[in-house]
Amino acid sequence: MVGMSGGVDSSVAALLLKQQGYDVVGVFMKNWDEKDDNGVCTATQDWQDVQDVCAIIDIPCYAVNFEKEYQDRVFADFLAEYRRGRTPNPDVLCNREIKFKAFLHFAMQLGASKMATGHFVQSETRNGHTLLLRGADGRKDQSYFLYMLKEAQLEKALFPVGAMTKAQVRAIAEENGLPVSTKKDSTGVCFIGERNFRAFLQNYLPAKPGDMRTEDGRKVGEHIGLAYYTLGQRKGLGIGGCGDGRSWFVVAKDVAHNVLVVSQGEDSPRLFTRYARASQLTWIADAPPVPDGTPLRCTVKYRYRQPDQSATVLAWKDELYLAADEQQRAVTPGQSVVLYAGEVCLGGAIVEETANEPFAQQKNR
RNA sequence: UGGGGUAUCGCCAAGCGGUAAGGCACGGGACUUUGACUCCCGCAUUCGUAGGUUCAAAUCCUGCUACCCCAG
């Protein structure tokens, strides 16, 4: 059973499985019911595309609705995080809770032996354990979004396009006459789509205006609510001309005082840190690569598409302490940090706080 | 009320008689399955206002208006 979004990747994934002799069923997930900023319900077009593609590759297709699950298990957390002044990544949760849980269960219940998606990642079974590997196309690798999965989920999953480049995928779509071969890559929150993010959030979060202040407390503007900004952000502050003429960036959120702390210049020291503490640590493997308290050298990503950063990490219970070799810019609470050993995605955690000095747990390790 | 100064894009700011730099903000696009960052493009026929001098003024002169500083 292939989860089909109406995009090129999942369409080609279904096509490839069909060509490989699988008994393929395409399933479209509708998890969000709302028109986009232009008053268009993109899900309607996407569902049509799925139907058209399935007709061409000659497989049955169905649609399922996980709106309730999405609302309860993903969106609720998303809003709760924003209310706390953090910046969540709903898509990592969406993969764990919806695509690789609700959808996976759905597929298994209907008797499917495997589920597949159009993610640019690869999996491989070594010594009886299934690993998550980066997609072959380094520019499109999506393992960052799948770090919350567990072995058990990966065992049931196939990633037919993971070994290819985006260009190859499009070429295959083209050769096989799939109408979505030139469809633009989707962006924005999964299932919700590209939005004017601030306007979108305003539908759910109350605006609590307050001051924008410099690090030394000088008021330089007003914000519309801390939730509407994230660390390292430049656009949308609306302050210009004052000071030395350089751009202003968000360097901190003072939730207690409802103050957005801003600084001039993209290189504000306040934005750069080497150490971080993260929670909700997940190892993809059932057996962690190292025991708690043992330092592990690996590479990490603090955001999607960030080049690999060398670091030493230390797991302790469900927390992860990170010491990056280089200073990291705008590591943001609520965001995910994902760990890699070469091509293998080990897992990850959610950033809680950053620091310029090692945390107690990291000292002398 | 005297004396002095300043008035150029939302903000900061070049310009000094030859036909409006730049930065920030903002808008659009690219990039992107989170949020951000980044990159590219756009952004004053007009220089507080009314006259005057000149072939030609934001740039010189005069009146008016506003703000600032000093004196009261």
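The figures that follow rest on heavy atoms only: side chains count, while hydrogens, waters and symmetry mates do not.
- Heavy atoms of A:Arg234 sit under 4.0 angstrom from primed sugar atoms or phosphate atoms, though from no base atom.
- The A:Ser247 side chain lies nearest to B:rA25 when the options are B:rA36, B:rA25, B:rG35.
- Non-hydrogen atoms lying under 4.0 Å from RNA chain B are contributed by A:Gln335, all within residues 334-352 of chain A.
- With sequence neighbours left out, A:Phe272 forms a ring-ring contact (aromatic ring centres under 6.0 Å, His included) with no residue at all.
- Relative ring orientation between A:Phe75 and A:Tyr204 is described as perpendicular, the plane-to-plane angle rising above 60° on a 0-90° scale split at 30° and 60°.
- The distance between atom CG of A:Asp185 and atom P of B:rG29, rounded to the nearest whole Å, is 17 Å.
- A:Phe249 comes within contact range of the sugar-phosphate backbone alone, with a heavy-atom separation under 4.0 Å but no base atom that close.
- The CZ-P distance, from A:Phe197 to B:rU32, rounds to 19 Å in whole Å.
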Pull out every protein N or O sitting under 3.5 Å from an N or O of nucleotides 40-42 of chain B, one pair per line with the distance.
none

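- A:Arg246 contributes no side-chain N or O that forms a donor-acceptor pair with the base of B:rG23 under 3.5 Å.
- Distance CG (A:Asp91) to C1' (B:rA36): 14 Å, rounded to an integer number of Å.
- Partners of A:Tyr144 by ring-ring contact (aromatic ring centres under 6.0 Å, His included), not counting sequence neighbours: none found.
- Summarising the geometry, the separation between CZ on A:Arg303 and P on B:rC37 is reported as 10 Å, rounded to the nearest angstrom.
- Scanning residues 72-88 of chain A for heavy-atom distances under 4.0 Å to RNA chain B yields A:Tyr82, A:Thr87, A:Pro88.
- Under the side chain to side chain donor-acceptor pair (under 3.5 Å) criterion, A:Glu155 pairs with no residue, sequence neighbours left out.
- Atom CZ in A:Phe191 sits roughly 13 Å away from atom P in B:rU34 (whole-Å rounding).
- Annotation: ring-ring contact (aromatic ring centres under 6.0 Å, His included) contacts of A:Tyr82 (sequence neighbours excluded): A:Phe78.
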Show the atom names and distances, to 0.1 Å, of all donor-acceptor pairs under 3.5 Å that link a side chain in residues 244-253 of chain A to residues at least two apart or in another chain.
{"from": "A:Asp244", "atom 1": "OD1", "to": "A:Arg246", "atom 2": "N", "distance (Å)": "2.9"}
{"from": "A:Asp244", "atom 1": "OD1", "to": "A:Gln264", "atom 2": "NE2", "distance (Å)": "3.1"}
{"from": "A:Asp244", "atom 1": "OD2", "to": "A:Arg246", "atom 2": "NE", "distance (Å)": "3.1"}
{"from": "A:Asp244", "atom 1": "OD2", "to": "A:Arg246", "atom 2": "NH2", "distance (Å)": "3.2"}
{"from": "A:Arg246", "atom 1": "NH1", "to": "A:Asp267", "atom 2": "OD1", "distance (Å)": "3.4"}
{"from": "A:Arg246", "atom 1": "NH2", "to": "A:Gln264", "atom 2": "O", "distance (Å)": "3.4"}
{"from": "A:Ser247", "atom 1": "OG", "to": "A:Arg234", "atom 2": "NE", "distance (Å)": "3.2"}
{"from": "A:Ser247", "atom 1": "OG", "to": "A:Arg234", "atom 2": "NH2", "distance (Å)": "3.0"}
{"from": "A:Lys253", "atom 1": "NZ", "to": "A:Gly85", "atom 2": "O", "distance (Å)": "3.1"}
{"from": "A:Lys253", "atom 1": "NZ", "to": "A:Leu226", "atom 2": "O", "distance (Å)": "2.9"}
{"from": "A:Lys253", "atom 1": "NZ", "to": "A:Tyr229", "atom 2": "O", "distance (Å)": "2.6"}

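- Within residues 95-103 of chain A, the residues that place at least one heavy atom under 4.0 Å from RNA chain B are, in residue-number order, A:Asn95, A:Lys99.
- Atoms CZ (A:Arg198) and C1' (B:rU34) sit 17 Å apart, rounded to a whole Å.
- Each of A:Arg139 and A:Arg329 was matched to the nucleotide of RNA chain B holding its nearest heavy atom; the match closer to the 5' end belongs to A:Arg139.
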Check the interface with nucleotides 9-15 of chain B: list each N/O to N/O pair with the protein under 3.5 Å, or write none.
{"from": "B:rC11", "atom 1": "O2'", "to": "A:Gly240", "atom 2": "O", "distance (Å)": "3.4"}
{"from": "B:rC12", "atom 1": "O4'", "to": "A:Gly241", "atom 2": "O", "distance (Å)": "3.1"}

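- Partners of A:Tyr304 by ring-ring contact (aromatic ring centres under 6.0 Å, His included), not counting sequence neighbours, listed by chain and number: A:Phe145.
- Closest to the A:Lys184 side chain, of the nucleotides B:rG35, B:rC31, B:rC37, is B:rC31.
- The nearest whole Å value for the distance from the CG atom in A:Asn89 to the C1' atom in B:rU32 is 12 Å.
- Residue pairs meeting the ring pair (Phe, Tyr, Trp, His ring centres under 6.0 Å) criterion with at least one member in residues 274-300 of chain A, sequence neighbours excluded, do not occur.
- With distances taken from any side-chain atom of A:Thr230 to the nucleotides B:rG35, B:rC37, B:rU34, the minimum falls on B:rG35.
- A:Tyr147 does not carry A:Lys301 over the face of its six-membered ring by the limits of under 6.0 Å from the centre and within 45° of the normal.
- At the heavy-atom level, A:Gly265 lies nowhere under 4.0 Å from the strands shown.
- Taking every side-chain heavy atom of A:Thr332 into account, B:rG35 is the closest of B:rU34, B:rG35, B:rC31.
- Mapping A:Gly188 and A:Gln264 onto RNA chain B by nearest heavy atom places A:Gln264 at the nucleotide closer to the 5' end.
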